Amino acid sequence: MDLWKDLGTEMVLPFWGVALLSVLAALAILDRLLMPSVRWAIQRQANRAIDKLNTQLRLQIQPFKMTKRSQLIDQLLHDPDVLTAVEANVRETGRPHAVVMTQVRGYAREMVPSFSAYAYFKIGTRLARRISKSLYRVRLGAVHSHALERIPPDATVIFVMNHRSNMDYVLVTYVAATASALSYAVGEWAQVWGLRQLISSMGGYFIRRNSRDPLYRKVLARYVDMATKAGVVQAVFPEGGLTRTGALQPAKLGLLSYMVSNFDPHGQRDIVFIPVGINYDRVLEDRIQLAAGKTASGAPVRFKFSFSVFVRYNLRRLWQRLNGTWHRYGYACVSFGKPISMKALLAPRALDLRGLPPDERHAEIEAIGQRLMSAVGEVVPVVPVPLVATAFLEAQGQPLTLFELKGRVFDLINAFERAGAYVHVPRKDRDYAIDTGLRMLVERQLVVAKDDTYAAHPDGRELLQYYANSLAHLRKSVSPAQLAAAE
């Protein structure tokens, strides 16, 4: 009895201990009783906001994008093709199954975005608009509005674009903000803290462009196929990376192959490609890309984000704005071509890519890639600097008076327009367009003025060629008869 009395003596707790226990008890009650209701209410409001937003967008946000990231990751991990690839890797390498699955989970977590409509439309698109308009005079080129309106509402829409600059992501996000939320494949350059989280919340998924790991490629293939079949609006660069020369590059078939290999030509959902052409009066990375093309090893030089360079750049621009010496980098123009239906591409020969042998399927996908790149090339807009650069290069070093220069550029404009290209003439004034392009080239010392004449600077010919190359494919399409008629 004395023992029980001793055990039953009162325990004295300090005040902070009682307060801590009370807080923990309150949190437990909140977590068990109130938080589920709060989460349900928040999700309900978010769904209502998405429904309202979809009534304002031409291309609706699909439920797949709103699925919880953890659920998409689990779906990838349990995909039959991924599990088959895991078993093959275990047999080939002898590694434990758990180790390989951990590696796959890491790939999935790296890849799958955490889309937020608020981040995309309230932060991302507004930021894209501010950045684009602060750097360029942004203009919308050719747009086939009626054709775009006829796209079936249940189709998977994929914007197919040429890749001239990392600004392409920002520019097209701004221009297409009223159409839908685009999902980009973003390379390793954006794997920096802060930027990574923003891109992921905007629906972008990160890829290792040069990875040769079959396991990684299988996880990526299954994610892209899942998103495509779910109707997610995507934007891709078939060239695979930034152009080193300024010219259009052949299509690489990685992502495109993942999108179309399992396409059902008899299914309800079509895949519709929209060609997008982008051109700039000045590409921010032009000298970097030219230098990258000269590396002895031939290996591509990837863009690396530098916080110090970013800060110095913005401080310099701030100072220029304060003292009135800041000028934007000319015009940035985006054109949209006629939609291309995947069903229409396959229908003439009643093709089903799923039933073809690997070599034949690869050949067909390669032909589709070439068709898409050709369509993209057709809608690349002609802007002042590339136009004037072309005229100087075709003069082959001969000094030109302003009158002679304008005569050459007028002939080029007429020839491009006769060939069906979109030529952006600011203010509908050709003289002003030429003056704008010439001023930028003189300011960058790519063209020198002497005795009322202008000539390409010997050290600037590479950059002149870089900008002229953006129109090279259009220039080749201009027949001698069209050029003669223009003259």
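Quick caveat: nothing in here was measured; it's all calculated off a predicted structure.
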Exercise. How many angstroms lie between atom CG of L471 and atom CG of L412, to the nearest 0.5 angstrom?
Worked result: 9.0 Å
Exercise. Just how far is it from atom CG of D435 to atom CG of L402, taken to the nearest 0.5 Å?
Worked result: 6.0 Å
Problem set entry | Smallest separation among heavy atoms of R461 and A456, with atom names | NH1-CB, 4.2 Å
For this session: Look at R208 together with E110 and state whether they make a salt bridge at an N to O cut-off of under 4.0 Å.
Result: yes
Problem set entry | Stepwise side-chain hydrogen bond (donor to acceptor under 3.5 Å, both in side chains) test for Q234 and S183 | CA-CA 5 Å; Q234 300 174 64; S183 180; 5.5 Å; no
For this session: Applying side chain to side chain contact (heavy atoms under 4.5 Å, CB included), run through H362 and L253 and close with a yes or a no.
Result: CA-CA 9 Å; H362 182 272; L253 305 181; 3.7 Å; yes
Exercise. Is there side-chain contact between I274 and V157, with at least one heavy-atom pair below 4.5 Å?
Worked result: yes
Problem set entry | Step-by-step salt bridge (charged side-chain N to carboxylate O under 4.0 Å, His left out) determination, E364 to R349 | CA-CA 11 Å; E364 293 294 338; R349 290 180 292 160; 2.7 Å; yes
Problem set entry | Atom pair CG/CD of N469 and E462 - distance to nearest 0.5 Å | 11.0 Å
Exercise. At their closest point, which heavy atom of L76 faces which heavy atom of M226, and how far apart are they?
Worked result: CD2-SD, 3.8 Å
For this session: Step by step, work out the side chain to side chain contact (heavy atoms under 4.5 Å, CB included) result for M161 and V376.
Result: CA-CA 6 Å; M161 307 179 289; V376 170; 5.8 Å; no
Problem set entry | Residues D213 and R217 bridged, charged N to O under 4.0 Å | no
For this session: Could you tell me if the ring centre of Y136 sits under 6.0 Å from that of Y331?
Result: no
For this session: Report yes or no: does T173 contribute a side-chain atom to a donor-acceptor pair with the main-chain N or O of Y169 at less than 3.5 Å?
Result: yes
Exercise. If only atom types and distance count, is the side chain of N279 paired as donor or acceptor with the main-chain N or O of C333 below 3.5 Å?
Worked result: no
Exercise. Is any side-chain heavy atom of V160 less than 4.5 Å from a side-chain heavy atom of P275?
Worked result: no
Problem set entry | Neighbour count above 12 (heavy atom, 6.0 Å) for R328 CZ | yes
For this session: Verify the neighbour count for atom CZ of R69: are there more than 12 heavy atoms of other residues, nucleotides or ligands below 6.0 Å?
Result: yes
Exercise. Are any of the side-chain heavy atoms of T125 and Y174 separated by less than 4.5 Å?
Worked result: no
For this session: Compare all side-chain heavy atoms of L441 with those of L464 and state whether any distance is below 4.5 angstrom.
Result: yes
Problem set entry | Step-by-step side-chain hydrogen bond (donor to acceptor under 3.5 Å, both in side chains) determination, D168 to Y184 | CA-CA 11 Å; D168 297 343; Y184 291 96; over 6 Å; no
For this session: List the atom of G231, the atom of T156, and the distance in Å for their closest heavy-atom pair.
Result: CA-OG1, 3.2 Å
For this session: Step through the shown structure and confirm whether more than 12 heavy atoms of other residues, nucleotides or ligands are within 6.0 Å of CD on Q396.
Result: no
Seminar exercise, completed: Rounding to 0.5 Å, atoms OH (Y120) and CZ (F115) come to a distance of 7.5 Å
Exercise. Would one find more than 12 heavy atoms of other residues, nucleotides or ligands at under 6.0 Å from atom CZ of R129?
Worked result: no
Problem set entry | Residues E394 and R475 bridged, charged N to O under 4.0 Å | yes
For this session: For the residue pair Y467 and V283, establish whether any side-chain heavy-atom pair is separated by less than 4.5 Å.
Result: yes
Exercise. Between E366 and K252, is there a side-chain N and carboxylate O pair less than 4.0 Å apart?
Worked result: no
For this session: Look at the aromatic rings of F336 and F159 and report parallel, tilted or perpendicular, splitting at 30° and 60°.
Result: perpendicular
Exercise. Is there a donor-acceptor contact under 3.5 Å from the side chain of S200 to the main chain of S114?
Worked result: yes
For this session: Step by step, work out the salt bridge (charged side-chain N to carboxylate O under 4.0 Å, His left out) result for D79 and R222.
Result: CA-CA 8 Å; D79 182 89; R222 294 308 304 141; 2.9 Å; yes
Exercise. Between atom CG of L356 and atom OG of S261, what is the distance when rounded to the nearest 0.5 Å?
Worked result: 10.0 Å
For this session: Please say which of Y258, Y205, Y216, F206 ends up in a ring-ring contact (aromatic ring centres under 6.0 Å, His included) with Y223.
Result: Y205
Problem set entry | Spatial distance of atom CG (L255) from atom CD1 (I158) [nearest 0.5 Å] | 9.5 Å
Exercise. In terms of side-chain geometry, is the basic nitrogen of D411 or R408 positioned less than 4.0 Å from the acidic oxygen of its partner?
Worked result: no
Exercise. Is it true that a side-chain atom of D281 and a backbone atom of V385 form a donor plus acceptor pair closer than 3.5 Å?
Worked result: yes
Exercise. Do R269 and F263 meet the cation-pi criteria used here (NZ or CZ under 6.0 Å from the six-membered ring centre, within 45° of the axis)?
Worked result: no
Problem set entry | Ring-ring centroid check F392 H457, cutoff 6.0 Å | no
Seminar exercise, completed: Between I340 and R371, the two heavy atoms sitting closest are CD1-NH1, 3.6 Å
For this session: Carefully, step by step, assess Y466 and T245 under the rule side chain to side chain contact (heavy atoms under 4.5 Å, CB included).
Result: CA-CA 5 Å; Y466 175 87; T245 64; 5.6 Å; no
For this session: Apply salt bridge (charged side-chain N to carboxylate O under 4.0 Å, His left out) to R244 and D286, showing your working.
Result: CA-CA 8 Å; R244 306 297 182 193; D286 52 10; over 6 Å; no
Problem set entry | Flag, side chain of S470 to backbone of G246, donor-acceptor distance under 3.5 Å | no
Exercise. Has R430 got its NZ or CZ under 6.0 Å from the middle of the six-membered ring of F410, at an angle within 45 degrees of the ring axis?
Worked result: yes
Problem set entry | Under 3.5 Å: donor-acceptor pair, side chain of H473, backbone of G377 | yes
Problem set entry | Donor-acceptor contact present, side-chain T67 to main-chain F64, <3.5 Å | yes
For this session: Please step through side chain to side chain contact (heavy atoms under 4.5 Å, CB included) for the pair L353 and M342, ending with a clear verdict.
Result: CA-CA 11 Å; L353 298 178; M342 185 66 183; 3.7 Å; yes
Exercise. For the side chain of E239 and the backbone of N162, is there at least one donor-acceptor N/O pair under 3.5 Å apart?
Worked result: no
Exercise. Does a sphere of radius 6.0 Å around NZ in K338 hold more than 12 heavy atoms from other residues, nucleotides or ligands, not counting ones at 6.0 Å or beyond?
Worked result: no
For this session: Check whether any side-chain heavy atom of E285 lies under 4.5 Å from a side-chain heavy atom of M167, and answer yes or no.
Result: no
Exercise. What pair of heavy atoms forms the shortest contact from V379 to G277, and how long is it?
Worked result: CG2-N, 3.5 Å
Exercise. Is there side-chain contact between D270 and S341, with at least one heavy-atom pair below 4.5 Å?
Worked result: yes
Exercise. Above 12 or not: heavy atoms from other molecules or residues under 6.0 Å from NE2 of H144?
Worked result: yes
Problem set entry | Closest approach of G369 to L256 (non-hydrogen atoms, all atoms of both residues) | CA-CD2, 3.6 Å
Problem set entry | Flag side-chain contact, heavy atom, 4.5 Å: R354 against D264 | yes
